[in-house]
Amino acid sequence: MMGTIEALINLMMADQVAIPLLDPILNILYGIPLLGYLLAFILWKPIFAGLVCPGFATLGVILMLFPWIERKLVARMQWRVGPREILPQFGGIIQLLADSLRFLFQEVIVHRDAKQPYFVQFPVLSFIPALLPLLFIPAGVIVAVKSAYGVQIILALVCLFPFFILGLGWASNSRFAYIGTVREAFMYFAYEIPFIIAVLAMIVLYGTSDPVAIAGMSVPGIILNPLAALTFFIAAAMATSRLPFEIAEADQELAAGPHVEYSGILFGLIYVMCYEKMYILSGLMTILFLGGGSGPEIAILGDLSGVVYFMIKTVIVMTLLAALRGVYPRYRLDQGLKIGWSSMLIMGTLALVISLAEVLIL
Amino acid sequence: MAAAGKFEWKIAIVNKPLKDKTYFENLKETVIDTGICSRCLTCACICPVDGIIAAKPVDFPDYKERCTDCGACVRVCPRFDYKPKYGMGEYLEFVAAKSNRFVGQDGAMVTEIMMSAIEMGMIDRALFVGRNDEWMTEVFHVYDPSQLEMGTLTGTKYTFATVLKDLKKAVLLSKKGVGIVGTPCIVSGVKKLQKEYPLFRERVKLVVGLFCTENFHYEELAAFLSEKGVDHNRLIKTDITKGKFIATMEGEEEPVTFKVKELEEILPSGCSVCTDFTAVEADVSVGSVGSKPGFSSVAVREKNAAEVMDYIREKGYAEFGGDAVEKQLEFLINYKIGRFYVETAEEEGRDKSL
Amino acid sequence: MKKIVAPDYGLGETVKSHAAAIKVAIKEAILPQTVTSHYPGERRRMPDCFRGYLRFDPEMCISCFQCSFICPANAIGMREAPDNRYYPTIDYGKCIFCYFCLDSCPGGALKPTKVHDVAYNDVDEMLTPTCDMIDMPEIIREDERYVEYKIDEHDLSLERVKGLDDLAVELPELEKISMVSVCVAPENCLSCRVCEEVCESGAITSALDGDEIRMTIDTTTCNGCGLCVKECSMQVLRLVRREI
Amino acid sequence: MMKEEETRNINIVNSEPLSPLKKWSAKWSLWPCHFVTSCCGVELAHAYGCGYDGERLGSLAMGISRQANTIIVEGTITRKMARPLRVVWEQMPDPKFVNVIGACGERGGIFWNSYHITHPHRIVPVDFFVPGCPVTPEALLRGIRALQDKIEGDDRSTISFRTVDLSGAGGKKNRVPESPKIIAPTPLVKPDIPSGVRWEEGEQIVEMLKKVLGELVISITVTDKDRIAIKTTPENIREVAARLSAEMKIDHVKSVNVIDVPHERKFIIEYTAGSYEKELMPVLFTIFADLRSGKDEISFPSLADIWMSADYTERELQDFFGVKFEGNPGREGNFLLAPDTPKFPLRRSFKLEEERYVLEDDKPFAPVIDPPTEFDIPLPPGLEEEVGAAGEYLLLVGPHHTGSGHLRWIMRLKGDTLSEVIPDPGYVHRSMEKLAENRLYIQNIPLFERLCIVDPFNVNLGYVRTIEKALKIDVPERATYIRTLMAELSRIDAFTYDAGIFSLFMGHSTGFMYLWAIREMLLEMITAMTGSRCSPSFIIPGGIRRDISDEVLNLVEKLPTAVQGRLRKFEDIFVNNPVLISRVKGVGVLSREDAIKAGIVGPFLRASGVEYDIRKIEPYEAYGDLDWEVIGADDGDCLVRFLVRLEEMQESLNIVKQCVEKLKSMERGGVMSEAILGEYSEAKDDIRGSFYRVFGNLVLPRGEWSTVTEAARGTLFFSILSDGDSNVPYRVRTISPSWYNLRGIIEASRGEKMADFWAVYGSFGYFPPEADR
């Protein structure tokens, strides 16, 4: 028994997140029984990836802060201020805390016409595809599950999202939700193929589909194949229902489409899920095109330096996606489909050709 | 215009027989309660607080609170100091005529005279008596011939009209002048108003009197008629010819008829003391008696009315059927005078017996 | 007629206008032309002609009812004060702030304020009786600055000034048009004394003088409210200019 | 029931043990649901627009009732809107809060005795009432702040008064004066009384008409310049209309009117038609016939198949008067009114509550209105079966839908294609016409202004011009320039509003905000000039209420360039955005013929190629002296409809510039016509102190007086029927541009994709309070 624990601790100690800055403190903490074990456990790279970054903790912070960033940024573009009075000294940074608590405490209405078990299940279940990809996304050298097929797995899980949205809409049993769902389904077909082609182009280019390996490449993908990056970015905007492709949710037309009947914490979950999706796609984009956690090494942070770079890049991508809201109006469904099936498909194919050419020539 | 200081004017106090009571109580006791009230509503017309209403009998329900005790009602009441008028009265001409423009009872000359006066610009509105679907009388201000199209303005109404109640309002709203049509008692009221107040002298430009034997209270007449089998919802036309009352109803071929005499049982007391059949004081009196069927007899008494008649002649608006025969009226004139004396005698007799 | 032609974008123009849109967005994200005023921390300074809550000065009121008559929302009801005069009360549950009342008030008894941001928790409280209208109302104020909108040739900008904006407004005195009631047709007078009853200033009096009634209008005390003229059923009275 | 409900939500927030967290989160996350009920919604948009930005307080204007927790009732709740209000309230999860803004929602405001309003606090529990008409954004935010305080446990009104003792020496008890209204008994109601104006072309047209119509008509009268009244009979009217339409090219109806004349036992049915042929453009042809009202059902032949533009108006009158228009394609049931509205409310026999001028006790005076007991709004009978049989499905959009405005669109969809949109208006029908019949002429100025508080001066001007036309008053030159200036500011005001909503419909909130910044500037100007942001009631018969100072003029002078600066950014980010262009180009096309047929007006008609601008063809105010151009286009799609208005805005700024220049060179003062002031001629610079004395007894000459005014969204028709004696109008008919354009929206969206409906809707700048009247 003791032996197993010992072995486990050794295993964990061998693969700890190295943070030179915190070393003195950590060394003391390691010495304390139990707490030391706990710390070792948390700082064990696979666990650290899952629990801290890019996993739960980071996700939590992102979810609490990013909508605020989005709202502030768009507000700025729109000549106004955005959330503020809740904490005027810090520009209302805790706004989302209030909103999410309010959702938590608010009544959840499951209306009579809803397909009731599913109506409650789907928002909860949708966390599976939302959380699992995080295990495969490397923040620098920290990753929960190393896999040679990491990118494909992420892709596969991300592609599960629309099914849950379809489920939400179906379970809502409302006409607006229904139309929103149909739109979501149509859009899914439109962006999925260019999206996959763009990723494929990068896999071809890199010759590997291990996210850690891809992130470690010396030249970022956006320079190698900007067209693929653009295709991926637009497809990501479509997949996350950002303007100008906010077609399924279309507030003014469908009153938020699939989400129209959700209230209280169930809506809170859906709201969170949308941002998770954005986080994952931005993370994927960072890995595929922006070199993941690479950047000038900050010695004092050790392994965390990669994490920091990864997070900065991801948040920038997310911000860009969010900023679209301030710039563009919304396309019509058929236009969205046309863009997906024509321009983007062509762009994706061209990107693939470029990748192949680069691979063949270089 | 007004210099600083005081602005004064004086009004003579009206006599009241019962010194310790208000004017309205005077009016009530001497006229309304004694039954000589003709329901002409001259008092309601002049009342400054608009409190006197055309109830049966005429009343001022909350006079204790609202009456300002100004005496105007007493001052204008034609029956307060009643000197009965009778006979044919003076007239400039007495002709039979028939309007070419309007259709109404007999010659529709009342309508013609009023409309011509409006057309001439003598008056800008005329007060007519209309009726609603229940055959209740209502006042109708006529400004334009097109308003006559609905057809409830012409023809005899047989029930008391409230036309005088609106006279002050009409006079104040009018810019040129007002014409009024009424029974002899209403005409007396208007003349009394004109005598007392310059406002009415200036603004009431034409008073058309109607030949009248009596009028009824609406409720009583309605009850009487329904007893006779007249349904006022379907009533189209009423008429009196040769001592018979004829009521034509929609959907029934045979009109209901009965003798006029029968109506005497519901004759209001105010009418029974009236002896004026031809509206002696009017500017022009119009009636059907005295001329051949389809024509009206027009007794032109004053100059203003003569002007209107000249205008009608000039424009050819009416067909003239020669002079009307005064003789034919005598029966009714005398009937009315006779009735008065019988009534008074009866009443005096009763008094004696008490 | 000047005809508008719809634009037809080629690829070049499309890219260009995409770029233009993005450029504006970036520019505004970095250097925004924000126009937000931070109510309740600061409040907009309204011009003096702003129509807010009304104040009332009983000294100037001639009880002419004109504010009540003109009010399109019937928000002003005259109410008898303990001194038997009729003063206005305003129901802010109906008031539409058109200031017809203020413009009608011949005595200048109604005065404007710039109070407009008020919330009531009970709809019945919204009726403001006369006695409450005399002093400036107190409202909850959290403002420390006031904002003035400055518009110049280039842009609209906000100018923030520390301090509290005074919400009371004194309008410049206007030349009053003073009227007085006179009798133009005494022969039509019914001597009903309605004018006397309606006269708040006590300028109209009646007295028995032998067998006549003497009606008197004291033109010095008459405040020209016009109620007697309006109420006279024979229209024997008229308002005329007071000669000075 | 209501008492429990009132405290329920605050009890939830107060319940232990997590109450501090609950309070804190609820306080800073008051999301108002999208429930625009009336014109105060404009100021709500300002409170959440960039000028005040309600989001600062954590109050995000979120559309959907399920996710929001606050209802801000914006003004009037009509009988029809009362139902959605209750439904929305019930859809919302607890804890939830309700604020009522605007006088209409409290005790009815200017519509206090309307037959179609209710009091929201009798339908849902209300936390706070904010006075104003419309409320200012600051007041709205004060309501939010008060609500926040209430959640924290401090429930109070935000105003307190110092009570001053009024008791003095008791005088004599005074008599209470009577109502100032003069109502003539059995008045003469006649639409064809000549005003005595010489108009030679009119005589020629009458000759022509006589030739065309021959025996079919009773009389043809020139009543006024540019107005010809044709009297006919109910039997002949269809033939008259058919001939006029075929031979005289009279191609649209401006108004259908029913005048109830109970004392003459008749209805006058009146069609006011016009033509878009160059030479007949300014002339109004009033074709009317008397309809005897008997005891049976009253019916009149419909002209909707000859003039499609008469269709909706006939349906509306069917609700109002119970006059059945035989042959009108409308469905059964009420078109405009709620199912439980009193029957035929515009008949004269339907009496409204009378005003009270004296308050006897401390009770505020408002009629007691029972709220509706049922909360669904029925669909037209048989529609669902019909739609099912056609293989289509129904989508009910509104009235509390984020993209519906205040009316319900019943969409018949086949796949993603709209086969038909059936409008269900009337949610903001506040019975202005009926109210106007019960108020003094002058009191109707603010009343009609509530038609459209984003275009207040034009509506104001429309009504006032009608009065001036009747009274034959000339307005002083300075006043005409100020009025023109204001009318143009108002045009920009309305355009920026509509364009803002359009960008929102297109999903572009930045465009909305940019325009709202421009609107803040405009409203600042309007406030500086008049003292009110949205409802100035500044234009009065004979001039304006007071002169404008030079300082304000200096401000206005700078406005055009400042606006243009901001507008350029809006153009870059929204108008020229390729996404927008691809969204709206070629969508919702109305050809010239279709546009005229559907009866659309204003810039939307011009966008379809009809050169019709009342400011040009019949210049009123100062338009004749100014240098400007009519803007039009040929495409008739959503894009040019929008671009035409955008260009028109530039033209308006240009006019503003010219007006200011002219005004600065003019001597100050004298902005009221002395003819109307009479003895009160000192009031010519400032009406203060003499308003009632001058206007209280305003009486119009007898007859019907009609004007058309070019409001921001097109022709605004006013017709006042006066009996010549009363100081209240006998009948006022107004048809607003949005009501005309409603048909345009329906016609243009037919066969388009579902999402394009909002492009069409937005491009028409439909403003429901204006349409519903």
Side-chain angles (χ1 to χ4, degrees), chain A residues 71 74-75 77-88 92 94-109 111 175-176 179 182-183 186 243-244 246-247 250-256 259-264 267-268 271 325-335, chain D residues 12-13 18 21-22 24-29 31 34 49-51 53 55-58 60 63-64 66-67 69 91-95 393-397 401-403 413 416 503-514 516-517 573-574 577 579-580 582-583 753-759:
Chain A
R71 277 161 73 172
V74 174
M77 282 182 187
Q78 296 178 343
W79 300 340
R80 50 192 186 96
V81 177
R84 178 173 182 274
E85 302 297 322
I86 188 167
L87 197 66
I94 50 173
Q95 181 60 53
L96 260 288
L97 193 63
D99 287 342
S100 48
L101 277 177
R102 201 255 297 165
F103 277 130
L104 186 66
F105 292 129
Q106 215 162 16
E107 184 189 8
V108 174
I109 296 175
H111 58 286
R175 237 164 253 195
F176 289 112
I179 295 174
V182 172
R183 287 186 177 190
F186 272 116
L243 282 165
E246 192 215 23
I247 293 165
D251 220 12
Q252 284 76 28
E253 292 160 26
L254 298 176
H259 319 155
V260 66
E261 293 292 350
Y262 280 93
S263 59
F267 176 73
Y271 190 74
R325 201 181 109 191
V327 188
Y328 286 112
R330 183 189 305 117
Y331 275 119
R332 201 166 51 218
L333 176 61
D334 55 327
Q335 288 168 334
Chain D
I12 292 172
V13 180
L18 289 173
L21 273 182
K22 282 186 189 172
W24 181 79
S25 63
K27 177 184 172 186
W28 290 110
S29 183
W31 290 13
H34 183 100
C50 56
D53 193 20
E55 207 184 335
R56 282 183 301 112
L57 297 167
L60 180 72
I64 298 106
R66 292 267 194 234
Q67 290 134 36
N69 65 345
Q91 276 179 351
M92 211 176 254
D94 287 333
Y393 64 98
L394 278 182
L395 187 68
L396 304 181
V397 177
H401 182 280
T402 340
L413 284 162
D416 198 30
S503 16
L504 215 51
F505 280 170
M506 294 288 95
H508 199 275
S509 48
T510 309
F512 170 82
M513 294 294 175
Y514 281 19
W516 248 244
I573 207 161
F574 181 69
N577 199 318
V579 180
L580 178 84
S582 64
R583 245 332 271 283
K753 292 273 178 288
M754 179 209 170
D756 281 336
F757 174 73
W758 281 272

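Just so it is clear: chains get the letters A, B, ... in the order the sequence lines come, proteins before strands, and each one is counted from 1. Nothing here was measured: the structure is a model prediction, and the numbers come from that model.
Classified by interplanar angle (parallel below 30°, tilted 30° to 60°, perpendicular above 60°), the ring pair D:Trp31/A:Phe103 is perpendicular.
Contact of A:Leu104 with chain D is not made at all, since no heavy-atom distance falls under 4.5 Å. Only the side chain of A:Leu333 comes within contact range of chain D, judged by heavy atoms closer than 4.5 Å. Within the 4.5 angstrom heavy-atom criterion, only side-chain atoms of A:Phe267, from C-beta onward, approach chain D. A:Pro244 touches chain D through its side chain: at least one heavy atom from C-beta onward sits under 4.5 Å away, while N, CA, C and O do not. The contact between A:Gln95 and chain D is made entirely by side chain atoms (from C-beta outward), counting heavy-atom distances below 4.5 Å. Looking at A:Glu261, both its backbone and its side chain come within 4.5 Å of chain D, counting heavy atoms on both sides. The parts of D:Trp28 that come within reach of chain A are both its backbone and its side chain, each placing non-hydrogen atoms under 4.5 angstrom from that chain. With a threshold of 4.5 angstrom between heavy atoms, D:Leu21 approaches chain A through its backbone and through its side chain.
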**Request:** Using the side chain to side chain contact (heavy atoms under 4.5 Å, CB included) rule, take D:Trp24 and A:Ile94 through it: C-alpha gap first, then chi angles, then the decisive distance, then the call.
**Result:** CA-CA 12 Å; D:Trp24 181 79; A:Ile94 50 173; 3.7 Å; yes
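When all heavy atoms of A:Val327 and D:Asn577 are compared, the pair lying nearest together is O-ND2, 2.9 Å. Nearest heavy-atom pair across D:Cys50 and A:Gln78 is CB-O, 3.5 Å. Looking at every heavy atom in both residues, A:Gln106 comes nearest to D:Pro93 through NE2-O, 3.5 Å. Pairing each heavy atom of A:Leu101 with each of D:Ser25, the nearest pair is CB-CB, 3.5 Å. Minimum heavy-atom separation, D:Arg66 to A:Ser263: O-CB, 3.0 Å. In terms of heavy-atom proximity, D:Val579 sits nearest to A:Pro329 at CG1-O, 3.6 Å.
Between chain D and the residues A:Gly82, A:Gly92, A:Pro88, A:Ser100, the most heavy-atom pairs under 4.5 angstrom are made by A:Gly82. In terms of heavy-atom pairs under 4.5 Å with chain D, the best-connected choice from A:Gly326, A:Ala98, A:Gly268, A:Gly264 is A:Ala98. The greatest number of non-hydrogen atom pairs below 4.5 Å with chain D, out of A:Leu97, A:Asp334, A:Val74, is found for A:Leu97. With chain A as partner, the option from D:Lys753, D:Gln67, D:Met506, D:Lys22 having the largest number of non-hydrogen pairs under 4.5 angstrom is D:Gln67. Comparing A:Glu107, A:Gln335, A:Arg102 by how many heavy-atom pairs each has under 4.5 Å with chain D, the most go to A:Arg102. No other option in D:Asn69, D:Leu396, D:Leu394 has as many heavy-atom pairs under 4.5 Å with chain A as D:Asn69. The candidate from D:Ala759, D:Ser503, D:Ala517, D:Pro95 with the greatest count of non-hydrogen atom pairs under 4.5 Å with chain A is D:Pro95. Among D:Leu60, D:Val397, D:Leu413, the residue making the largest number of heavy-atom pairs under 4.5 Å with chain A is D:Leu60. In terms of heavy-atom pairs under 4.5 Å with chain D, the best-connected choice from A:Tyr262, A:Tyr271, A:Tyr328 is A:Tyr328. In terms of non-hydrogen atom pairs under 4.5 Å with chain A, the most contact-rich of D:Leu580, D:Leu504, D:Asp416 is D:Leu504. Counting heavy-atom pairs closer than 4.5 Å to chain D, the top residue among A:Arg325, A:Arg71, A:His259, A:His111 is A:Arg71.
For the pair A:Ile179/D:Tyr393, a side-chain contact is recorded, criterion being any heavy-atom separation below 4.5 Å from C-beta on.
Side-chain atoms of D:His508 do not come within 3.5 Å of backbone N or O of A:Arg330 as any donor-acceptor pair.
Annotation: salt bridge (Lys or Arg N to Asp or Glu O under 4.0 Å) contacts involving residues 78-88 of chain A, sequence neighbours excluded, comprise A:Arg80-D:Asp53, A:Arg80-D:Glu55, A:Glu85-D:Arg56.
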